[in-house]
Amino acid sequence: MDAPLPITLLTGFLGSGKTTVLNHLVRTLPRTAILMNEFGEVALDHQLLQKMDGPLALLSGGCVCCTISGSLSPTLKNLWMARQKGDIPAFERVIIETTGIADPAPVLDNLLHDNWVRARFRLDGVVTTVDALFGMGQLDQHFEAVKQVAVADRLLLTKTDLTPAETVAALRERLATLNPAADIVTVTQGEIDPTAIQNLGLWNAETRSLEVARWLKPQRYQPARAGTLGGKPAVALHDARIQAFSVVLDAPLDRYGLQSALSMLTSFRAENLLRFKAIVNLQDEAQPVVLHGVQHVLYPEVRLDAWPDDDHRSRFVFIVRDLDPEFVAKLLTDFSGAARSHDGAVS
Ligand SMILES: Nc1nc2c(ncn2[C@@H]2O[C@H](COP(=O)(O)OP(=O)(O)OP(=O)(O)O)[C@@H](O)[C@H]2O)c(=O)[nH]1
């Protein structure tokens with residue numbers, strides 16, 4: 001079977017510019033299938049529309065749009081079948097636009113745990129639009145907006161043309177504190193370089209390799225310390241509940257102990273666990289394993305052929321809400337039987 005096609009999840013709060021970005025991408029990124037909730041609800045550029053056939057629409061330039069009927073998996077299956085039969089252009093990637101108040105975790109769950117879908121598609125990354133003008137207020141008032149930022153692999157800062165420079169700078173700082181690993185790209189009126197939303201996951205299709213360091217970016221996180229916001233003062237009271245931190249464990253870990261610790265977090269603290277990523281050294285295993293989770297959703301583990309560098313310690317990064325970093329670090333050390341690194345610093 002062919003290599004799985006990359007899926008980008010495009011999320012972002014109501015009115016933050018998702019459709020404006022999509023309208024640009026359908027012109028610049030041919031052979032893309034766009035999945036959205038309703039054609040009617042979104043302002044997709046009707047000048048591009050060539051043909052509408054039930055839930056499917058063909059766009060000039062070789063893109064195809066599809067409305068999501070019911071849940072995501074059947075929609076992806078129908079789309080795939082239409083592609084196989086030659087009813088629609090052979091798209092090479094999928095972008096899924098979520099509604100502005102959607103929690104991304106259930107969509108990720110759907111994508112990652114349907115075996116049929118997983119054999120044909122892979123999640124490339126989560127891209128979140130953030131409104132430069134209203135983003136601060138949305139983060140203050142709506143926890144969904146915070147989750148959308150925490151889960152992102154890339155943040156698109158929109159409407160900076162309408163926003164005072166000080167507001168943009170303060171928002172940038174806040175976003176970097178909430179999600180240290182996600183690079184922030186400024187996008188005005190949807191004008192985006194298509195490469196900014198591609199190859200964001202562990203797998204880089206361009207270099208055809210797994211790129212752990214680029215994906216994990218552990219050096220951007222502060223070591224876990226009790227009661228701190230990643231070592232930085234909270235930029236807003238609301239964010240004092242959110243913490244981004246790293247945990248480094250020196251000795252190889254007991255696989256089952258680690259599984260227990262992580263399933264405790266994903267089962268009982270799912271609401272508090274916004275995101276974690278890790279490269280781990282397991283006892284009796286020569287190869288490192290990459291782990292990744294969002295709330296209750298654990299991504300399938302990935303075994304690497306080799307360590308990406310000389311540092312063979314297990315390195316975890318977390319973004320949590322109302323969860324003491326010290327508690328998380330202790331849970332990991334107690335269950336996996338490994339001592340914590342003295343300085344906790346990550347190179
Ligand atoms: N000035 C300015 N306006 C923008 C920019 N990006 C988007 N807009 C405008 O903001 C409004 C909302 O943009 P949309 O792209 O519809 O936002 P959305 O996230 O798809 O909205 P929902 O689907 O309702 O959640 C539209 O009027 C856009 O023209 C920008 O960078 N600058």
Side-chain angles (χ1 to χ4, degrees), residues 1-11 18-19 21-42 44-99 102 104-127 153 194-210 292 297 299-302:
M1 195 184 284
D2 294 340
L5 300 178
I7 293 186
T8 304
L9 187 63
L10 178 62
T11 184
K18 298 178 291 296
T19 312
V21 166
L22 274 181
N23 272 324
H24 189 78
L25 288 173
V26 292
R27 288 186 167 84
T28 52
L29 201 54
R31 295 188 293 281
T32 300
I34 306 217
L35 263 61
M36 43 183 56
N37 286 291
E38 277 289 333
F39 288 135
E41 278 179 16
V42 294
L44 198 72
D45 199 333
H46 282 262
Q47 285 169 355
L48 293 170
L49 212 58
Q50 280 196 324
K51 188 167 166 256
M52 193 115 87
D53 191 9
L56 269 173
L58 294 188
L59 304 178
S60 57
C63 287
V64 54
C65 275
C66 182
T67 51
I68 302 170
S69 48
S71 75
L72 194 55
S73 318
T75 309
L76 279 170
K77 286 176 190 170
N78 289 339
L79 198 63
W80 177 267
M81 293 305 180
R83 179 186 190 268
Q84 294 306 92
K85 282 197 279 176
D87 293 347
I88 55 174
F91 58 87
E92 291 172 357
R93 68 191 68 77
V94 177
I95 301 178
I96 300 173
E97 185 197 6
T98 69
T99 61
V107 183
L108 295 175
D109 200 6
N110 210 276
L111 282 181
L112 296 165
H113 293 121
D114 181 311
N115 288 336
W116 193 97
V117 171
R118 271 179 52 196
R120 290 158 185 85
F121 298 95
R122 67 180 168 85
L123 179 69
D124 181 39
V126 179
V127 175
D153 296 294
T195 58
I197 62 138
Q198 294 175 280
N199 295 316
L200 302 181
L202 190 57
W203 173 253
N204 185 335
E206 213 159 88
T207 58
R208 304 196 60 75
S209 59
L210 293 165
H292 190 189
V297 184
Y299 289 46
E301 70 175 42
V302 177

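Heavy atoms only: backbone and side chains are in, while hydrogens, waters and symmetry mates are out. Given the structure is predicted, the values throughout are model-derived calculations rather than measurements.
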In Å, rounded to the nearest 0.5 Å, how long is the span from [atom1] of [X] to [atom2] of [Y]?
| X | Y | atom1 | atom2 | result |
| --- | --- | --- | --- | --- |
| Ile88 | Asn78 | CD1 | CG | 10.0 Å |
| Leu72 | Leu79 | CG | CG | 10.0 Å |
| Asn204 | Ser209 | CG | OG | 5.5 Å |
| Leu202 | Asp153 | CG | CG | 10.5 Å |
| Arg120 | Arg83 | CZ | CZ | 11.0 Å |

Do [X] and [Y] have side-chain heavy atoms sitting under 4.5 Å apart?
| X | Y | answer |
| --- | --- | --- |
| Thr19 | Glu97 | yes |
| Leu108 | Leu123 | yes |
| Arg93 | Leu29 | yes |
| Leu112 | Pro300 | yes |
| Thr207 | Asn199 | no |
| Leu76 | Ile7 | yes |
| Val64 | Ile34 | no |

Please find the pair of heavy atoms, one from [X] and one from [Y], that lie closest to each other, and give the distance.
| X | Y | value |
| --- | --- | --- |
| Pro89 | Leu58 | CD-CD2, 3.7 Å |
| Pro30 | Cys63 | CA-SG, 4.0 Å |
| Thr32 | Phe91 | C-CB, 4.1 Å |
| Asp109 | His113 | OD1-ND1, 2.7 Å |

Tell me, please, which residues at least two apart from Glu301 pass salt bridge (charged side-chain N to carboxylate O under 4.0 Å, His left out). Arg255, Arg303
Under the criterion side-chain hydrogen bond (donor to acceptor under 3.5 Å, both in side chains), I'd like the reasoning laid out for Ser73 against Asp114: C-alpha separation, chi angles, the key distance, then a yes or no. CA-CA 7 Å; Ser73 318; Asp114 181 311; 3.3 Å; yes
Which class fits the ring pair Trp80 and Trp116: parallel under 30°, tilted 30 to 60°, perpendicular over 60°? perpendicular
When Leu111, Leu35, Thr8 are each screened for side-chain contact (heavy atoms from CB on, under 4.5 Å) with Val94, the one that passes is Leu35
When you look at Leu10 and Val126, which way does the side chain to side chain contact (heavy atoms under 4.5 Å, CB included) test go after all the steps? CA-CA 6 Å; Leu10 178 62; Val126 179; over 6 Å; no
Pair Met36-Ile96, side chain to side chain contact (heavy atoms under 4.5 Å, CB included): steps then yes or no: CA-CA 6 Å; Met36 43 183 56; Ile96 300 173; over 6 Å; no
